[in-house]
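Notes follow once the structure below has been shown.
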Amino acid sequence: MLVLVINCGSSSVKYDLINTEDQTGLCRGLVERIGAVTAIVKHEPTGQKKVKETKTIQNHTEALKEILGFLLSPDSQIVKSASDIKAVGHRVVHGSDMFKDSVLIDDDVKEAIEQAIDLAPLHNPPNLKGIEAAMEALPDVPHVAVFDTAFHHSLPAKAYLYGIPNRLYRRYKIRKYGFHGTSHYYVSRQYYKLILKDSKDTKVISCHLGNGASIAAIEGGQSVDTTMGFTPLSGLVMGTRSGDLDPSILFYLVEKEELPLSDLHALLNRHSGLIGLSGYAADMRDLIAEAEKGDRRCQQAIDVFTYKIKQYIGSYMATMNGCDAILFTAGIGENSALIRKKAVENMEYLGIKLDDDRNNDVQPGEMTRISADDSKVDVYVVPTNEELVIAIDAAKIAQASAQSPWI
Ligand code: AMP
């Protein structure tokens with residue numbers, strides 16, 4: 001089945017056209033700087049020349065028109081007719097505690113996503129805009145919402161409750177939700193599929209280390225704890241996000257610098273993490289390059305980043321009473337041997353031992369074991385594919401809805 005996967009940000013639409021039968025991508029692309037004087041449009045059809053243009057694109061509806069126009073154009077010949085696209089899968093960041101699975105989008109679902117805007121003010125509004133725009137552009141196909149939070153629905157209360165008055169949880173749903181669910185789900189399933197054949201009784205720690213970063217503890221195939229919380233701000237140090245913080249720092253800053261709330265928000269989301277620590281860059285490649293030349297602050301940023309990962313791996317080994325495998329994924333996890341090494345070095349006591357040659361020899365896009373033969377815990381690099389998870393879920397739900405009017 002041909003599925004269009006859509007991932008909308010406030011001024012961008014990312015898309016992938018995927019054939020779920022052979023799990024191949026036909027085309028992917030990005031429209032960014034929507035609403036600016038000139039938007040940047042990129043299309044990457046598989047096996048054909050990439051296209052990069054600048055155009056005026058006022059809103060998400062126009063972006064969807066641009067994308068469909070390219071996919072259907074006689075020049076690109078990617079899709080003959082819009083009716084060949086049988087489903088649209090939408091990445092939705094926050095499903096609150098309402099969605100533990102992907103769902104067919106109807107008015108009730110749209111309303112529920114809207115209700116969760118309070119919980120994800122940066123992410124859910126553009127997700128919703130994308131849904132509206134895509135439903136307008138492709139009104140006759142099923143649209144499916146796939147939530148970043150859904151995989152963590154299995155967290156037990158002891159993991160998702162914060163130590164604040166319970167009334168605040170009941171009244172405002174303040175709890176840990178967790179994110180990057182499709183990625184943690186995908187890499188753990190790849191590990192079960194290719195290595196173990198079964199998820200029963202296994203204990204896996206999945207480390208999604210990209211610009212955003214999180215770790216999940218996965219027991220028997222289910223997420224039992226994760227580092228991101230009420231929002232994607234907590235847990236690990238990230239490209240521009242602080243990760244865990246003593247909350248008193250906020251009161252202190254408000255007092256000392258008289259910062260308004262909006263500045264605090266920007267400080268922790270956009271000016272902290274690797275860029276804040278290094279004062280140089282959020283991009284791990286740049287930090288590694290500068291640290292190698294002797295830049296102390298870039299080195300410190302790398303040290304803090306990897307120290308946090310190590311701490312959470314240890315913590316989740318305690319949570320699950322052991323661990324069969326640690327999986328590294330996303331931009332940094334898949335590509336940086338240095339960061340993987342630092343994240344698990346000196347953990348022999350916990351049964352983790354890397355093989356340096358294997359770690360240094362990982363080929364892009366390949367699932368690779370990087371632990372030593374005598375390591376008690378297996379360590380793998382597993383390339384993630386969130387778009388494929390979204391496409392497969394959308395195809396399944398679209399098929400089921402064609403068979404039953406009740407889905
Ligand atoms: P993502 O958000 O998954 O696209 O990951 C982006 C992050 O991956 C950025 O910090 C990049 O610097 C980092 N990254 C990509 N390739 C490498 C590499 N070869 N070495 C270190 N970091 C990398």
Side-chain angles (χ1 to χ4, degrees), residues 5 7-9 12-16 25 28-30 32 42 44 91 93 122-123 148 179-188 190 206-216 226-228 232-233 235-243 269-293 295 297-309 327-345 354 356 358-368 370 380-390:
V5 175
N7 182 356
C8 282
S12 68
V13 178
K14 214 169 132 192
Y15 75 92
D16 279 80
R28 65 193 322 192
L30 174 69
E32 51 188 341
K42 293 177 195 157
E44 296 182 14
R91 176 182 183 216
V93 168
L122 296 182
H123 295 102
D148 253 25
F179 300 85
H180 288 148
T182 45
S183 180
H184 292 304
Y185 172 85
Y186 178 79
V187 297
S188 57
Q190 285 298 93
S206 157
C207 307
H208 178 110
L209 309 179
N211 195 28
S214 73
I215 301 186
T226 189
T227 54
M228 283 179 170
L233 183 56
L236 302 175
V237 163
M238 301 173 228
T240 62
R241 283 174 249 167
S242 64
N269 280 286
R270 300 215 309 271
H271 307 295
S272 294
L274 295 174
I275 196 159
L277 280 162
S278 67
Y280 179 67
D283 192 292
M284 187 55 84
R285 282 166 295 203
D286 297 341
L287 293 178
I288 292 172
E290 284 309 297
E292 275 167 2
K293 288 187 221 152
D295 187 298
R297 281 171 63 188
C298 290
Q299 185 59 54
Q300 267 176 354
I302 294 170
D303 292 346
V304 177
F305 182 77
T306 47
Y307 181 62
K308 271 277 174 197
I309 299 168
L327 313 177
F328 284 106
T329 195
I332 301 171
E334 290 172 34
N335 295 302
S336 177
L338 173 79
I339 298 297
R340 293 191 297 261
K341 183 178 163 70
K342 279 181 71 68
V344 294
E345 71 188 351
L354 282 198
D356 283 338
R358 285 179 188 155
N359 186 37
N360 291 330
D361 210 27
V362 174
Q363 299 304 312
E366 278 181 25
M367 179 165 169
T368 311
I370 57 171
Y380 279 87
V381 173
V382 188
T384 194
N385 195 342
E386 294 164 89
E387 294 75 23
L388 183 61
V389 175
I390 297 174

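Sequential numbering from 1 along the given sequence is applied to the chain's residues. Order of appearance sets the numbers: ligands from 1, and atoms from 1 within every ligand. Quick caveat, the model's predicted, so the values are computed rather than measured.
- Among all protein heavy atoms, the one lying closest to atom 23 (C) of ligand 1 is Arg285 CG, 3.6 Å.
- Taking the six-membered ring where the residue is Trp, His184 and His208 present perpendicular rings, their angle passing 60° and hence far from 30°.
- With Thr329 as reference, Glu334 is the one residue of Gln190, Glu334, Glu386 to meet the side-chain hydrogen bond (donor to acceptor under 3.5 Å, both in side chains) rule.
- Scanning all protein heavy atoms for the shortest distance to atom 7 (C) of ligand 1 gives Ile332 CG1, 3.7 Å.
- For the salt bridge (charged side-chain N to carboxylate O under 4.0 Å, His left out) test, no residue two or more places apart in sequence or in another chain qualifies with Asp286.
- One finds the CD1 atom of Ile215 at 4.5 Å from the CG atom of Leu236 (value rounded to the nearest 0.5 Å).
- Of all the listed residues (Ala282, Ala213, Gly331), Gly331 holds the heavy atom that lies closest to atom 3 (O) of ligand 1.
- For ligand 1, none of its N or O atoms has an N or O atom of Leu209 under 3.5 Å away.
- Of all the atoms in ligand 1, the ones that sit under 4.0 Å from a non-hydrogen atom of Gly210 are 1 (P), 2 (O), 3 (O), 5 (O).
- In terms of protein heavy-atom proximity, atom 6 (C) of ligand 1 is closest to Asn211 N, 3.7 Å.
- At a threshold of 4.0 Å, the pair Glu32-Lys42 counts as salt-bridged, since one of the basic side-chain nitrogens sits closer than that to a carboxylate oxygen.
- Looking at Ser188 and Ser206, their side chains never bring a donor and an acceptor atom within 3.5 Å of each other.
- Dense packing is recorded around OH of Tyr186, with more than 12 heavy atoms of other residues, nucleotides or ligands lying under 6.0 Å away.
- Checked against a 3.5 angstrom limit, the closest N/O atoms of His208 and ligand 1 fall outside it.
- Which parts of ligand 1 touch Asn335 is read off a 4.0 Å heavy-atom cut-off, strictly below it: atoms 15 (C), 16 (N), 17 (C), 18 (C), 19 (N), 20 (N).
- Within ligand 1, counting atoms from 1 as listed, the ones closer than 4.0 Å to a heavy atom of Ser336 are 20 (N), 21 (C).
- At a 3.5 angstrom cut-off on N or O pairs, Met284 counts as close to ligand 1.
- Heavy-atom contacts of Asp283 reach the following atoms of ligand 1: 10 (O), 11 (C), 12 (O) (cutoff under 4.0 Å).
- Looking at Asp303 and Gln299, their side chains do bring a donor and an acceptor atom within 3.5 Å of each other.
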